[in-house]
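Before any comments, here is the structure.
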Amino acid sequence: MSLETLQALADPTRRRIVELLAEDDRSAGALAEHFEVSRPAVSRHLRVLREAGLVDVRPDAQQRIYRLRPEPFDEVVDWVRRLRGFWDARLDALDLEVRRE
């Protein structure tokens, strides 16, 4: 997982865009309807997500349709699982120590 992925997901507007795209592929205009920021601002957020490899875009007549790419999210899930394994092991050890006393 790249730092660029985490930086792209750090912004709440981009996280909301990701949530919307998880529901369905959408055009930039359809995404912009969900925000109080300008359409150019939404386009900038989409560019960040695209450059981070989190979304793909395809032309459809006069629109550009955005969709999520699953691979970067698989990497995030794998990373979180590794961290969870670390904490699970620590908490199990703590539980064992508490039970010994």
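One is the number of the first residue; the rest follow in order along the sequence.
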Worksheet entry | Rounded distance [0.5 Å steps], NE2 in H45 versus OG1 in T13 | 4.0 Å
Practice prompt. Indicate, with yes or no, if V55 and V42 share a hydrophobic cluster defined by side-chain heavy-atom contacts under 4.5 Å among Ile, Leu, Val, Met, Phe, Trp and Tyr.
Written response: yes
Worksheet item: So how far is it from L54 CG to E4 CD, rounded to the nearest 0.5 Å?
Response: 8.0 Å
Discussion item. Is there a side-chain contact between T5 and W79 in this structure, where contact means two heavy atoms from C-beta onward sitting under 4.5 Å apart?
Written reply: no
Discussion item. Once rounded to the nearest 0.5 Å, what's the spacing between atom CZ of R64 and atom CZ of R50?
Written reply: 5.5 Å
Worksheet entry | Carboxylate-amine/guanidinium contact R15 E19, below 4.0 Å | no
Discussion item. Under 4.5 Å between side-chain heavy atoms, counting indirect links through other Ile/Leu/Val/Met/Phe/Trp/Tyr residues: same cluster for L68 and V77 or not?
Written reply: no
Response to the item:
Only residue of D60, D25, D56 satisfying salt bridge (charged side-chain N to carboxylate O under 4.0 Å, His left out) with R67 is D56
Discussion item. For A8, is there any backbone N or O sitting under 3.5 Å from a side-chain donor or acceptor partner on R14?
Written reply: yes
Discussion item. On a heavy-atom basis, which atom in S27 and which in Y66 lie closest, and how many Å separate them?
Written reply: C-CD1, 4.4 Å
Worksheet item: What do you reckon, is CD of E71 surrounded by more than 12 foreign heavy atoms closer than 6.0 Å?
Response: yes
Response to the item:
Separation between CG (L49) and CG (L21), nearest 0.5 Å, reads 8.0 Å
Practice prompt. Could you tell me whether the side chain of F73 reaches within less than 4.5 Å of the side chain of V18, counting heavy atoms only?
Written response: yes
Practice prompt. For R58, look at atom CZ and say whether over 12 heavy atoms of other residues, nucleotides or ligands are found less than 6.0 Å away.
Written response: yes
Worksheet item: What distance do L31 atom CG and I65 atom CD1 have between them, rounded to the nearest 0.5 Å?
Response: 9.0 Å
Fill in: Contact summary for R39 and A32, nearest pair of heavy atoms
CG-CB, 3.6 Å
Worksheet item: Rounded to the nearest 0.5 Å, how far does CD of E75 lie from CG of L6?
Response: 10.5 Å
Item to complete: Report, as yes or no, whether the 6.0 Å neighbourhood of atom CD on E23 holds more than 12 heavy atoms from other residues, nucleotides or ligands.
Response: yes
Worksheet item: Is there a path of hydrophobic side-chain contacts, each under 4.5 Å between heavy atoms of I, L, V, M, F, W or Y residues, that connects V57 with L20?
Response: yes
Item to complete: In sequence, state the C-alpha distance, the side-chain angles, and the governing distance for R26 and H34, and then conclude on side-chain contact (heavy atoms from CB on, under 4.5 Å).
Response: CA-CA 11 Å; R26 299 174 193 243; H34 293 270; 3.3 Å; yes
